[in-house]
Number of protein chains: 2
Amino acid sequence: MESVIEKLDAAGLRKTEIRIRLYEYFLKHKPAISQPELEKKYAKYADRVTLYRVLSAFEEKGLIHKIIDMHGTARYALCNEHNCHDGHHHDEHVHFNCSNCDKVVCLEEVSIPSVKLPKNYKAVKYSLNIEGVCNDCKA
Amino acid sequence: MESVIEKLDAAGLRKTEIRIRLYEYFLKHKPAISQPELEKKYAKYADRVTLYRVLSAFEEKGLIHKIIDMHGTARYALCNEHNCHDGHHHDEHVHFNCSNCDKVVCLEEVSIPSVKLPKNYKAVKYSLNIEGVCNDCKA
DNA sequence: TTAAGTGCAAAATCTTTGCAAATGT
DNA sequence: ACATTTGCAAAGATTTTGCACTTAA
């Protein structure tokens, strides 16, 4: 639990109850979660709007990163400490969307292969979503 | 103009004014377009709800396919005739999102490279969005 | 104390649904 | 004539904004 306080401190964020709860959530759970899902879990602890604002603050400070999943839903997951910093994310790994349990996980160990684009196209950022059946759901 | 009528016929869709207009739009424009954008262009010709329904019908019949762009917005573009049929889309090419002009185009000639997933993950569908500067916007 | 954070109300989007009226075949 | 398609009204879902109140430091 030390780490939660330290991280919020390091990010220059005040250590409020909801922020501590949410950051602990991200530390404990790998799958990327959406605001509506968080709202169900944390309705008693914070207003919907506060959740949106905490997510934005966490993202700006490099604590979590935003993923757009295959359905177009915005989801958030903990940043890899070595890759993400203030406002600058390196999120260039595969995001796996399970069609069975609907979880979206970062496969940090699977990087996005390079792609040869036509002349005059300049790539800056990549997003590779793969849909299928995940580790937990395979029979 | 022949081709528009024929395609709608072949898809088993009635040839209404708005459907003809929209299908002609897709034939003439490569970039994928969203419903809100179409609404601005076609406000005089059809209701918002009709646009949603025409897009769904076109997608079901394999005339257009849906793309989720890097911002999570649903966009639609013409299907490649050889790859898409009734309810069955093969959309496994790169989608390029230009951060300058905000256009999203299908790079049909750039296929998604294969990715080696960890044991127990089974891939079914891929979506690769690349953000950067497009052909038209490079200085 | 005071700047940052939160809650509430309200609005802005985007999308879906139901039903009556209009249209294509 | 009849099934399909459309328009309108309404509701649901997601996200943003403004402002007064509260809380961390």
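Below, chain A is the first sequence line, B the second, and so on; all start at residue 1.
Residue A:Arg19 is classed as a sugar-phosphate contact, given heavy-atom separations below 4.0 Å to backbone atoms only. Within 4.0 Å (heavy atoms only), A:Ala57 reaches no atom of the nucleic acid at all.
Residue B:Ile68 contributes atom CD1, which lies 14 Å from atom P of C:dC14 at whole-angstrom precision. As rounded to whole Å, 18 Å separates atom C1' of D:dG7 from atom OH of B:Tyr45. Following rounding to the nearest Å, B:Arg48 (CZ) and C:dC14 (P) show an atom-to-atom distance of 8 Å. In this structure, B:Lys44 places its NZ atom 18 Å from C1' of D:dG7, rounding to the nearest Å. Taking atom CD of A:Glu17 as the reference point, atom P of D:dT22 lies 17 Å away to the nearest angstrom. Atom CG in A:Leu13 sits roughly 12 Å away from atom C1' in D:dA24 (whole-Å rounding). Separating the CG atom of B:Asp47 from the C1' atom of C:dC19 is a distance of 14 Å, rounded to the nearest angstrom. Between the CG atom of B:Leu51 and the C1' atom of D:dG7 there is a distance of 12 Å, given to the nearest Å.
A:Tyr52 has a side-chain polar atom (N or O) that falls below the 4.0 Å cut-off from OP1 or OP2 of D:dT15.
Contact detail for A:His71 and A:Asp102: the closest heavy-atom pair is NE2-OD1, 4.5 Å. Taking all atoms of both residues into account, the shortest heavy-atom contact from A:Ser127 to B:Met70 is CB-CE, 3.4 Å. Residues B:Ile20 and B:Lys15 come closest through the heavy atom pair CD1-O, 3.8 Å.
Map A:Glu39 and A:Arg53 each onto its nearest nucleotide of DNA chain D; the residue landing nearer the 5' end is A:Glu39. DNA chain C is contacted by both B:Ser56 and B:Thr16; B:Ser56 maps to the nucleotide lying nearer its 5′ end (nearest heavy atom per residue).
For A:Tyr121 and B:Phe96, the gap between ring centers is short of 6.0 Å.
No side-chain heavy atom of A:Arg75 sits under 4.5 Å from any side-chain heavy atom of A:His95.
Comparing D:dT16, C:dT23, C:dT16 against the side chain of A:Val49 picks out D:dT16 as the nearest. The side chain of A:Arg14 lies closest to D:dA25, out of C:dT16, D:dT5, D:dA25.
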